[in-house]
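Before any comments, here is the structure.
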Number of protein chains: 2
Amino acid sequence: MADTTVSKVSDTPRTSVGRDGVLNVAARLFREQGYGAVSLRKIAEAAGIKASSIYYHFGSKDEIVAAVLDAGIEAVHESMRQAIAVLPTDTGAEAALRAAIGAHLRALLEVSDYSSANVRIFGQVPQSVRDANLPTRRAYEAEWDALLSRLQKNGALQRDVDIRRLRLMLIGALNATLEWFDPDRGSAEALSRTYADVFLNGILER
Amino acid sequence: MADTTVSKVSDTPRTSVGRDGVLNVAARLFREQGYGAVSLRKIAEAAGIKASSIYYHFGSKDEIVAAVLDAGIEAVHESMRQAIAVLPTDTGAEAALRAAIGAHLRALLEVSDYSSANVRIFGQVPQSVRDANLPTRRAYEAEWDALLSRLQKNGALQRDVDIRRLRLMLIGALNATLEWFDPDRGSAEALSRTYADVFLNGILER
DNA sequence: GTCTATAAATGGATAGAC
DNA sequence: GTCTATCCATTTATAGAC
């Protein structure tokens with residue numbers, strides 16, 4: 001590979017991959033191949049370094065995975081928080097829910113290797129790694145519960161549905177799109193509209 | 001372990017685990033721990049034999065996994081087919097959909113280690129194994145598409161929803177329950193009713 | 001049908017040079 | 001921050017005895 005970079009005063013050597021470089025590659029490979037199929041050698045090769053060099057940045061494979069999982073929740077959480085915060089104060093319940101669904105789905109399907117990697121491999125990593133990710137998850141779940149509870153108190157949602165169960169159904173359904181979503185068959189934006197339609201109004205003709 | 005079996009004229013030696021014994025253990029372990037975390041040694045130990053003995057029944061680990069995946073789809077397919085077949089001929093669209101949802105969910109959450117293992121590990125196995133499972137999957141998907149199309153032609157479902165997408169949303173949402181379902185918080189039967197309610201009528205107060 | 005023994009490959013991880 | 005070299009555990013799979 002020829003050196004195409006021009007001289008800079010930057011302190012960071014251009015040959016350095018760095019912690020973030022390793023993490024970005026790891027997130028992509030975990031999303032594509034799953035936890036068990038991705039070895040440190042694979043990550044290193046894709047990042048353009050040797051496997052042993054990874055241990056300068058991380059203490060173990062699980063430390064890498066843990067960092068990817070946390071960043072994945074943070075990304076989708078931030079996406080949702082932003083989508084809600086930007087709404088006018090007089091926004092109705094239906095529009096707020098649509099915004100949250102769209103934010104979650106876009107983060108998952110378009111924006112973040114970290115978020116999609118999280119959904120894809122969470123069930124595959126060792127228990128200790130899952131446990132380490134739980135606090136971050138709980139915070140995101142609380143954000144959803146707060147939104148749903150607010151809508152229910154407003155009278156927009158049926159009063160007999162259990163918030164926790166509704167959140168599990170909703171996020172579970174959205175995350176499942178990762179297994180079959182194909183951008184050639186329609187955008188994430190269009191898909192999020194369909195999901196909102198179904199969850200809000202159902203599929204029965206009326 | 002003491003031998004508690006009485007003498008029988010059976011041809012099958014009581015000390016033999018057999019192909020089915022290996023397969024049953026494998027399905028359970030795959031469901032519990034995922035594909036990558038389950039080695040042939042683990043399967044063998046849980047079955048009470050040595051790892052090398054497995055090769056008398058199967059040619060490779062992937063052959064075991066492939067058998068588990070196929071049996072998993074067969075089980076849930078049969079569960080749904082049966083639930084539909086048993087309905088009176090004058091059953092309405094809503095009740096038919098509820099029956100299918102219930103059958104899928106019960107097979108997944110209560111009946112079959114094979115079905116739950118399929119959902120859990122399909123995304124973790126090598127591409128060749130996934131490909132081998134595809135024909136069986138397609139047949140089950142076709143069953144759902146046939147049901148949904150029939151309901152749509154009857155005018156029970158909205159005419160503008162895409163059948164394939166609806167099936168992917170529905171099955172994806174149901175399969176996702178595997179990650180959080182807890183029988184102590186409510187039966188699979190009750191959960192299937194909630195899912196049917198949401199998909200049929202939505203969650204908005206009206 | 002199951003065993004012991006072992007081959008061959010691959011995994012995570014460490015030591016020390018540059 | 002990255003390298004080479006290496007260790008050690010574990011994996012899938014095979015050979016041949018019982």
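Naming convention: chains lettered A, B, ... in sequence-line order (proteins, then strands); numbering from 1 in each chain.
- Geometric assessment of Lys61(B) against the ring of Tyr35(B) yields a positive cation-pi assignment under the 6.0 Å and 45° thresholds.
- Heavy-atom nearest nucleotides on DNA chain C were determined for His57(B) and for Lys61(A), and the one closer to the 5' end corresponds to His57(B).
- Between Arg19(B) atom CZ and dT2(C) atom C1' the separation is 17 Å, expressed in whole Å.
- With respect to Glu141(B) and Arg137(B), no salt bridge is recorded, no charged nitrogen being found less than 4.0 Å from a carboxylate O.
- When rounded to the nearest whole Å, the span between OH of Tyr55(A) and P of dG11(C) equals 12 Å.
- In this structure, the CD1 atom of Ile49(B) is 6 Å from the P atom of dC3(C), given to the nearest Å.
- Rounded to a whole Å, the NZ atom of Lys50(B) is 10 Å from the P atom of dA5(C).
- Residue Ser16(B) has a polar side-chain atom (N or O) positioned under 4.0 Å from OP1 or OP2 of dT2(C).
- For dT2(C), the base has no donor-acceptor partner in the side chain of Ser52(B) [N/O atoms by modelled type, under 3.5 angstrom].
- Distances shown here put every side-chain N or O of Tyr56(B) at or beyond 4.0 Å from the OP1 or OP2 atom of dT2(C).
- Atom pair Ile64(A):CD1 and dA13(C):P shows a separation of 9 Å (rounding to whole Å applied).
- Annotation: side chain of Leu200(B) is in contact with side chain of Arg98(B) (closest heavy-atom distance under 4.5 Å).
- One interatomic measurement links the two molecules: CG of Leu40(B) to P of dC3(C), which rounds to 14 Å at whole-angstrom precision.
- Look at CZ on Phe58(B): it is 18 Å from C1' on dT14(D), rounded to the nearest Å.
- A close approach under 4.0 Å does occur between a side-chain nitrogen or oxygen of Ser39(A) and OP1 or OP2 of dG11(C).
- Taking the side chain of Arg41(B) as heavy atoms from C-beta on, and the options dT2(D), dT11(D), dT4(C), the nearest nucleotide is dT11(D).
- Of the listed nucleotides (dT12(D), dC3(C), dC3(D)), dC3(C) has the atom at the smallest distance from the side chain of Ser53(B).
- The CG-P distance, from Asp20(B) to dG1(C), rounds to 11 Å in whole Å.
- Using cut-offs of 30° and 60° for the angle between ring planes, the Trp144(B) and Tyr140(B) rings count as perpendicular.
- Using a 4.5 Å heavy-atom cutoff, the side chains of Leu170(A) and Arg167(A) are not in contact.
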